[in-house]
There are 2 protein chains.
Amino acid sequence: MARDQLSRVFAALADPTRRDLVARLSLGDATVGELAAPYRLTPQAISKHLKVLEEAGLVTRRRDAQRRPVHLEAEVLDQMTAWIERYRAQAEERFRRLDALLDRMAAEEDGHRQEREDES
Amino acid sequence: MARDQLSRVFAALADPTRRDLVARLSLGDATVGELAAPYRLTPQAISKHLKVLEEAGLVTRRRDAQRRPVHLEAEVLDQMTAWIERYRAQAEERFRRLDALLDRMAAEEDGHRQEREDES
DNA sequence: TGGTTTCACAACCAATCGGTTGACAAGTGC
DNA sequence: GCACTTGTCAACCGATTGGTTGTGAAACCA
């Protein structure tokens with residue numbers, strides 16, 4: 001996934017209304033009118049939100065007479081998850097190694113204390 | 001995760017510079033100066049980016065003399081992944097059922113064609 | 001103490017964002 | 001052909017964003 005493509009996807013999902021639309025579309029395709037109905041926004045506003053989602057590749061639109069059914073593309077969500085997972089995994093691996101190091105240091109400290117106690 | 005918290009996290013990661021910072025921090029904690037060095041931006045700009053990451057809960061800052069080491073909090077990335085995964089899974093389950101339906105319809109169609117061929 | 005390093009805050013600027021209203025294009029159905 | 005439905009495009013507005021410069025606080029070091 002290209003760099004600005006990733007930016008577009010994150011930016012698209014940074015808006016609560018657009019996340020709502022994604023949630024709704026995960027249950028099935030819908031027209032702009034159906035998507036707009038639950039909101040107090042104008043259909044134009046919803047249309048703009050859908051355009052943002054479309055440019056991010058999260059959504060595609062068919063042509064069906066004068067209707068424009070909207071369809072969620074789940075693959076892009078996969079690519080996002082992959083990006084996030086990459087850095088989460090790196091950070092957690094780093095903590096794992098740090099924990100191991102601290103354990104070793106604590107064990108050595110115990111060893112030294114044991115030696116000192118043996119001397120006395 | 002609260003609604004605007006999620007918005008803040010997505011918005012934070014929508015900027016390529018901030019994603020770079022997250023990538024860098026996944027390898028280990030760093031000071032503002034260290035983080036700013038590779039960029040042609042002023043340290044103030046980096047500091048602002050870090051503030052955005054901090055308000056999103058992605059990052060925390062310690063106090064170490066006059067330095068402010070920055071630390072990546074991996075848990076928030078987990079919560080993000082969970083949100084994404086939820087709707088991706090729903091969408092894919094829906095496709096799975098649609099595929100099954102289409103398979104059944106195709107099978108029935110085959111059955112009918114078979115009947116018609118039997119009649120002739 | 002005074003100078004240096006590291007960093008944040010405030011004020012400003014151009015660009016982008018989320019919303020509105022108004023006009024209109026594309027299709028359907030009488 | 002004409003009215004209606006569905007949806008987009010364009011222009012505008014206030015708020016936010018990503019960057020800058022300037023200033024100054026906090027801790028170290030000589």
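Numbers restart at 1 for each chain; the letters A, B, ... are given by sequence-line order, proteins then strands. Computation of the quantities below employed the complete heavy-atom set of this structure, encompassing side-chain atoms and omitting hydrogens, waters and symmetry-equivalent molecules. Predicted model, so just to flag it, every value in this text is computed and none were measured.
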A/Y39 side, atom OH; A/D20 side, atom CG - distance, nearest 0.5 Å = 3.5 Å
Mapping B/E34 and A/V52 to their closest nucleotides on DNA chain C, which lands nearer the 5' end?
-> B/E34
Separation of B/E55 atom CD from D/dG18 atom P, in whole Å?
-> 12 Å
Can you check whether B/L6 reaches A/R19 side chain to side chain, under 4.5 Å on heavy atoms?
-> yes
Distance-only check: which donor-acceptor pairs under 3.5 Å involve side-chain atoms of residues 90-97 of chain A, not counting sequence neighbours?
residue : atom : partner : partner atom : Å
A/Q90   : OE1  : B/S26   : OG           : 2.7
A/E92   : OE1  : A/R88   : NH1          : 2.6
A/E92   : OE2  : A/R88   : NH1          : 3.3
A/E93   : OE1  : A/R96   : NE           : 3.1
A/E93   : OE2  : A/R96   : NH2          : 3.1
A/E93   : OE2  : A/R97   : NH1          : 3.4
A/R94   : NE   : B/S26   : O            : 3.3
A/R94   : NH1  : B/D29   : OD1          : 3.3
A/R94   : NH2  : B/L25   : O            : 3.2

Please list every donor-acceptor pair under 3.5 Å in which a side-chain atom of residues 40-51 of chain B meets a protein atom from a residue at least two apart or in another chain.
residue : atom : partner : partner atom : Å
B/T42   : OG1  : B/A45   : N            : 3.3
B/H49   : ND1  : B/R18   : NH1          : 3.1

Short question: side chain of A/S7, backbone of B/A14 - any donor-acceptor pair under 3.5 Å?
-> yes
Counting side-chain heavy atoms from CB outward, which of D/dT6, D/dA26, D/dT20 is closest to B/R63?
-> D/dA26
Can you establish whether the number of heavy atoms outside A/E75 located under 6.0 Å from its atom CD is more than 12?
-> no
Using whole Å, report how far CD of A/E54 lies from C1' of D/dT8.
-> 12 Å
Which pairs count as ring pair (Phe, Tyr, Trp, His ring centres under 6.0 Å) when at least one residue sits in residues 4-28 of chain A, sequence neighbours excluded?
-> A/F10-A/W83
Check the distance between D/dG19's P and B/L50's CG and give it to me in whole angstrom.
-> 12 Å
Return the value, rounded to whole Å, for the distance between atom CG of A/L21 and atom P of D/dG7.
-> 13 Å
Could I get a table of every N or O pair under 3.5 Å where one atom is in the protein and the other is in nucleotides 2-5 of chain C?
none

Using heavy atoms to find the nearest nucleotide of DNA chain D for A/V32 and B/R40 separately, return the residue whose nucleotide is more 5′.
-> A/V32
Can you check the A/R62 CZ to C/dA26 C1' distance for me, whole Å?
-> 17 Å
Length of the line joining A/R67:CZ and D/dG7:C1', which is rounded to integer Å | 11 Å
In whole angstroms, the gap separating C1' of D/dG18 from NE2 of B/H49 amounts to 6 Å
If you look only at distance, which donor and acceptor atoms sit under 3.5 Å apart when one is on a side chain in residues 53-66 of chain A and the other is two or more places apart or in another chain?
residue : atom : partner : partner atom : Å
A/E54   : OE1  : A/R61   : NH1          : 2.5
A/T60   : OG1  : A/E73   : OE2          : 3.0
A/R63   : NE   : A/A65   : O            : 3.3

Value in whole Å for how far the P atom of D/dT17 lies from CG of B/L53 = 13 Å
About how many Å separate CD1 of A/I84 and CE of B/M80, when rounded to the nearest 0.5 Å?
-> 4.5 Å
Can a side chain N or O of B/R61 be found less than 4.0 Å away from OP1 or OP2 on C/dC7?
-> no
Would you tabulate the pairs of protein nitrogen or oxygen atoms and nucleotide nitrogen or oxygen atoms of nucleotides 9-17 of chain C closer than 3.5 angstrom?
none

